[in-house]
Amino acid sequence: MKYTALKGVHDILPPDIYIWQKAESTAREIFSAYGFQEIRIPIIESTDIFARSIGETTDIVEKEMYTFPDRADRSITLRPEGTAPVVRSYIENHLYNLPSPQKFFYSGPMFRYERPQKGRFRQFYQIGVEAFGTAEPKLDAEIISMLKLFLEKLQLKELKFEVNSIGCSKCRPDYKKALLNFLSDKVSDLCPDCSRRYINNPLRILDCKNSSCAEIRKGSPKITDYLCKECKSHFEEFLSLLNILNISYNINPDMVRGLDYYTRTTFEITSPEQLGGAQKTVAAGGRYDRLVEEFGGPPTPAIGFAIGMERLVEILKALNSDFCIPAPKVFIATIGKNAGLEGLLIAEKLRSKGIRAELGYDNASLKSQLRRADKLGSNYVFIIGDDELQSGMVKWKNLKDGSQGETGIKDATEFKGLY
RNA sequence: GUGAGUGUAGCUCAAUGGUAGAGCAUUGGACUGUGGCUCCAAGGGUUGGGGGUUCGAUACCCCUCACUCACCCCA
């Protein structure tokens with residue numbers, strides 16, 4: 001094959017596209033009900049927007065970004081995630097002058113240069129939301145509830161909600177110190193990755209899947225025991241609201257998100273492994289109360305999440321949820337040139353009324369036209385040949401029950417079966 | 001970046017070193033103007049690419065490319 005898609009990118013074709021559309025329209029419907037408005041952000045940004053927000057030492061920034069110089073030698077990056085561009089836009093367009101909180105959603109492709117596998121791609125799609133301007137835990141709970149409602153609308157019930165609080169700039173250093181202290185005499189027993197993390201990013205040791213590391217960190221201090229007064233009460237209120245909203249969740253004190261900007265609330269929605277492969281996180285997010293300020297905006301607490309569309313769609317397919325594939329209302333089979341013209345006129349009239357009408361082509365035999373009508377799932381066929389032109393009638397046939405009859409050519413477009 | 005597996009028809013897969021096949025799909029016919037079911041037929045292949053061993057390679061060896069899965073990381 002001469003031309004193939006690049007590694008880790010893929011075409012989304014029918015019939016899968018209907019699952020995507022269903023997920024997207026459901027997101028729009030639910031998110032709008034919560035007051036989230038769509039914003040469209042660029043796919044390319046200055047590299048430092050991502051480097052500064054996600055964190056210089058994270059894997060995303062260190063080795064996964066599609067970064068290249070443009071013609072004027074500026075460093076450009078294909079967005080690996082949506083939060084940083086939305087924050088940039090929020091500040092650049094002075095959206096903080098609008099009444100708070102401001103709530104947005106976006107949808108589109110993200111890019112990360114990784115080895116592809118099930119549920120992980122170089123170009124992948126996210127639907128994400130970001131809400132700015134209040135630190136109240138009510139917003140955190142509302143957002144989780146919105147996500148739950150969205151998933152329920154799509155008939156997904158087997159997903160698990162995990163929540164945690166990773167504190168703030170005040171309390172996290174204390175916890176980090178306690179963790180380092182706990183691990184100090186065990187560093188040599190950690191896996192090579194984790195001994196590196198001990199230096200750059202000790203919190204990440206918590207979610208290492210290596211079984212010996214899991215053993216070593218048994219009995220390690222928990223972040224939730226080290227939260228400062230404010231973070232602690234924020235977390236407790238958040239949890240009590242989840243209870244009031246009847247949302248079941250696990251507190252997972254080992255869940256550390258991979259991006260540097262997170263503070264306080266973090267959460268993940270995961271699927272059972274048999275549904276989505278090893279990449280089981282379908283949606284994830286958290287608070288980033290300092291990021292707007294760090295980007296040069298006014299101090300503005302914020303929270304958001306992103307849904308991995310490919311992973312979501314994979315689960316929907318595994319669950320065999322049925323999504324309707326649009327079928328034509330009527331297929332117009334014609335025999336001969338004159339009848340072909342008459343069929344074209346009828347089809348055009350129906351289409352202008354928004355009714356999907358298909359035509360037979362290429363002088364195909366009536367049989368093959370009917371076969372095609374059947375394959376398309378058409379409800380009705382109209383049959384027009386010389387006999388019909390003579391008598392001024394159209395033969396109709398209902399392909400679902402096999403009934404047939406005649407109607408005048410003049411009022412074929414009013415045929416009751418089509419409405 | 002690391003490791004493993006797989007590449008044969010549009011798809012799913014056979015062919016144990018001896019003439020590349022089946023099912024499904026496609027197109028046509030049986031049924032000259034009536035779909036689905038059935039039967040018949042046809043089209044469709046440089047066996048991913050390159051090299052090697054051999055009288056002979058889809059099969060064995062080497063290289064390469066692609067895909068898949070997993071690690072890592074993340075949505």
Side-chain angles (χ1 to χ4, degrees), chain A residues 1-10 54-55 57-65 79-83 107-128 147 191-194 196-197 201 204 207-210 213 255-259 267-271 273 276-286 304-315 331 333-336 339 360 362 364-389 395-404:
Chain A
M1 214 161 309
K2 193 166 178 188
Y3 296 113
T4 55
L6 297 176
K7 187 194 282 290
V9 312
H10 56 141
I54 297 169
T57 63
T58 58
D59 275 17
I60 294 179
V61 171
E62 272 186 346
K63 46 192 191 200
E64 295 177 1
M65 294 206 303
R79 62 184 189 196
E81 59 111 37
T83 299
S107 156
M110 305 296 164
F111 303 84
R112 291 181 200 171
Y113 194 88
E114 300 181 89
R115 276 282 272 277
Q117 69 184 73
K118 196 178 185 69
R120 198 180 68 184
F121 309 94
R122 289 187 173 179
Q123 174 174 340
F124 59 100
Y125 290 76
Q126 289 188 337
I127 294 181
L147 194 46
C191 73
D193 285 328
C194 282
R196 223 174 328 118
R197 289 175 183 138
N201 203 343
R204 291 224 63 93
D207 63 3
C208 179
K209 284 152 204 140
N210 189 312
C213 292
M255 183 182 66
V256 203
R257 313 261 46 252
L259 288 63
F267 55 93
E268 256 181 47
I269 316 300
T270 59
S271 69
E273 190 147 329
Q279 309 302 323
K280 55 191 175 49
T281 305
V282 176
F305 68 73
I307 302 164
M309 287 296 288
E310 284 82 357
R311 294 179 185 180
L312 180 71
V313 168
E314 188 69 23
I315 294 168
F331 185 99
T334 60
I335 304 139
D362 297 329
S365 68
L366 182 62
K367 177 195 281 292
S368 72
Q369 293 189 61
L370 283 170
R371 243 201 296 262
R372 185 159 155 250
D374 185 53
K375 267 172 211 146
L376 291 172
S378 190
N379 288 7
Y380 284 90
V381 250
F382 286 172
I383 298 169
I384 310 170
D386 291 338
D387 299 350
E388 286 75 17
L389 291 178
K395 289 223 172 74
W396 60 262
K397 180 168 188 176
N398 181 327
L399 290 181
K400 304 295 175 199
D401 64 16
S403 62
Q404 41 189 323

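The sequence lines fix the lettering, A, B, ..., with proteins before strands; numbering per chain opens at 1. Here the structure is a predicted model, which is why all the values come from computation and not from measurement.
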Note, A/Ile60 side chain near A/Glu81 side chain (heavy atom, < 4.5 Å):
no

Against the side chain of A/Leu259, the closest entry in B/rG35, B/rA75, B/rG1 is B/rA75

Among B/rC74, B/rG36, B/rA75, which nucleotide has an atom closest to any side-chain atom of A/Gln279?
B/rC74

Considering Watson-Crick and G-U wobble pairs with both distances under 3.5 Å, what does B/rU27 pair with?
B/rA41

Selection from B/rA75, B/rC72, B/rG35 that lies nearest to any side-chain heavy atom of A/Arg257
B/rA75

Any strand, both distances under 3.5 Å, Watson-Crick or G-U wobble: B/rU6 pairs with B/rA66

Rounding to an integer number of Å, can you tell me how far A/Tyr3 OH sits from B/rC67 C1'?
21 Å

In whole Å, I'd like the distance from the CZ atom of A/Phe305 to the P atom of B/rA75.
13 Å

Between B/rA75, B/rC67, B/rC31, spot the one nearest the side chain of A/Arg120, thanks.
B/rA75

Just compare B/rA75, B/rC31, B/rU34 and give me whichever is closest to any side-chain atom of A/Lys367.
B/rC31

Ignoring the backbone of A/Lys375, work out which of B/rG33, B/rU27, B/rC69 is nearest its side chain.
B/rU27

Nearest of B/rA75, B/rG33, B/rG3 to any side-chain atom of A/Phe121?
B/rA75

What nucleotide, of B/rG29, B/rU27, B/rU34, holds the atom closest to the side chain of A/Ser365?
B/rG29

